[in-house]
Amino acid sequence: MKQITKEHIAFTFDPALPPAESITSGETVCFETKDCYDEQIDVDGKDFSLLDMARNNPVTGPLYVEDAAPGDVLKVEILAIEPAQAGVMCVRKGLGVYPVKGCHCRRFPIEDGTILFDQEIKIPIRPMIGVIGTCPKEPQSTQSPGVHGGNLDIKNLGAGSMIYLPVFVPGALLSLGDCHAVQGDGETAICGMEISASVTVRVSVLKDAGSLPLPFIETEDTIITTAADASLDIASKKTAQNMHTYLQKAANLTDAQAAMLLSLVGNLRISQVVNPKKGCIMEVPKKYL
């Protein structure tokens with residue numbers, strides 16, 4: 001299995017970046033990632049003024065996938081996420097949705113699959129990828145979500161799930177990072193439990209993916225459409241309409257039938273409200289397809 005070490009990081013999805021590694025379709029590769037603060041919070045209570053926030057959200061890569069051409073779809077199966085032994089958070093005034101005073105950079109130990117939080121609170125980990133994307137034609141910050149993927153912060157992107165992404169440039173140039181040990185829907189305080197991690201994925205090129213609304217996520221039991229916009233209202237309507245269109249073909253339903261089904265079994269959720277564009281997802285159990 002090939003490996004991309006965390007020395008190969010970037011803060012943009014940029015077609016000018018040289019590939020760190022290349023594979024053929026169907027191969028497995030391990031990405032070593034840094035946490036979203038570029039591993040700068042090395043002690044609990046770190047002084048925020050010592051952090052360089054230009055080093056926010058590093059991604060590891062890019063990975064060149066042979067035979068991937070513009071117009072194709074990249075299927076990324078998340079096989080395993082191995083977290084570091086500690087997670088970090090940085091909550092501060094003016095960011096997120098809560099009226100927090102001051103700035104608080106924290107570091108929490110992770111033992112036996114559990115975060116040892118304050119007040120003897122123990123939180124089971126559920127590792128996930130925050131940022132994953134192919135390279136757009138023009139450089140794009142790793143802090144924003146978009147049609148290429150990017151800073152999605154969708155908690156379903158853990159081991160056992162897969163994400164389908166559009167290919168815009170030769171080789172797709174896949175990068176990923178910003179892993180979380182756990183994150184609630186919304187990521188409302190601006191961060192999850194941020195971790196460095198080793199992420200193992202299998203990457204395949206699909207030459208004919210049909211009419212998948214990209215980015216598109218599949219778990220063992222569900223399918224998920226995504227959308228991002230500065231407006232939560234617009235993002236929620238986009239992702240619901242993406243699923244509505246998809247279901248009509250995938251389940252052979254009329255527009256009215258698909259709308260009724262989604263109103264009964266579809267779960268419209270806020271994935272994050274803290275990135276430059278806010279994210280929403282629509283989740284549907286596979287058993288209804």
* If you count the non-hydrogen atoms of other residues, nucleotides and ligands that lie under 6.0 Å from NZ in K277, is the total more than 12? ->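 Count not over threshold, so no.
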
* Does NZ in K249 sit with more than 12 non-hydrogen atoms of other residues, nucleotides or ligands closer than 6.0 Å? ->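 Result for NZ/K249: open.
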
* Can you list the steps and then say if K6 with E39 is a salt bridge (charged side-chain N to carboxylate O under 4.0 Å, His left out)? -> CA-CA 11 Å; K6 61 185 178 182; E39 300 181 343; 2.9 Å; yes

* Between D233 and K237, does at least one N-O distance fall below 4.0 Å, as a salt bridge requires? ->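 Salt bridge between D233 and K237, a charged N being under 4.0 Å from a carboxylate O: no.
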
Do [X] and [Y] pair up side chain to side chain, a donor and an acceptor below 3.5 Å, judged on atom types alone?
X: D178; Y: H180; answer: yes
X: Y98; Y: T188; answer: yes
X: D153; Y: N275; answer: yes
X: T219; Y: S161; answer: no
X: E111; Y: T114; answer: no

* Give the intermediate values and the outcome of salt bridge (charged side-chain N to carboxylate O under 4.0 Å, His left out) for residues D44 and R107. => CA-CA 5 Å; D44 190 27; R107 187 175 176 90; over 6 Å; no

* Asked: Does some side-chain heavy atom of D14 sit less than 4.5 Å from a side-chain heavy atom of L173?
  ->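 L173 vs D14: side chains apart.
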
* Taking the side chain as every heavy atom from C-beta outward, state whether D229 and K278 have any pair of such atoms under 4.5 Å apart. =>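 Contact flag for D229/K278 side chains = no.
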
* Could you check T142, V59, N57 and say which one makes a side-chain contact (heavy atoms from CB on, under 4.5 Å) with N151? =>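 Of all the options given, the one that passes is N57.
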
* For the side-chain contact (heavy atoms from CB on, under 4.5 Å) test, which of T60, L176, T33 pairs with I4? ->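 Of the listed options, the one satisfying the test is T60.
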
Side-chain donor-acceptor distances from residues 62-85 under 3.5 Å, at least two apart:
from, atom 1, to, atom 2, distance (Å)
D72, OD2, A69, N, 2.8
D72, OD2, K207, NZ, 2.6
E77, OE1, R202, NH1, 3.3

* Apply the test salt bridge (charged side-chain N to carboxylate O under 4.0 Å, His left out) to residues D118 and R106: give CA-CA distance (whole Å), side-chain angles for both, the deciding distance (0.1 Å), then the verdict. => CA-CA 10 Å; D118 294 337; R106 299 295 311 279; 2.8 Å; yes

* Taking the inter-plane angle between the rings of H148 and F13 on a 0 to 90° scale, is it parallel (under 30°), tilted (30 to 60°) or perpendicular (over 60°)? ->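 It falls in the perpendicular class, over 60°.
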
* To do: Evaluate the salt bridge (charged side-chain N to carboxylate O under 4.0 Å, His left out) criterion for residues K155 and D185: first the C-alpha distance (whole Å), next the side-chain angles of each, then the deciding distance (0.1 Å), finally the verdict.
  => CA-CA 7 Å; K155 71 179 185 181; D185 281 335; 3.7 Å; yes

* Sole residue of R269, E218, R126 in side chain to side chain donor-acceptor pair (under 3.5 Å) with N156 ->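 The single option meeting the side chain to side chain donor-acceptor pair (under 3.5 Å) with N156 is R269.
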
* Asked: Would T239 and T225 satisfy side chain to side chain donor-acceptor pair (under 3.5 Å), going step by step from the backbone distance to the final call?
  -> CA-CA 6 Å; T239 193; T225 52; 3.2 Å; yes

* Decide yes or no on side chain to side chain donor-acceptor pair (under 3.5 Å) for D47 and S49, but give the supporting numbers first. => CA-CA 5 Å; D47 186 341; S49 67; 2.9 Å; yes

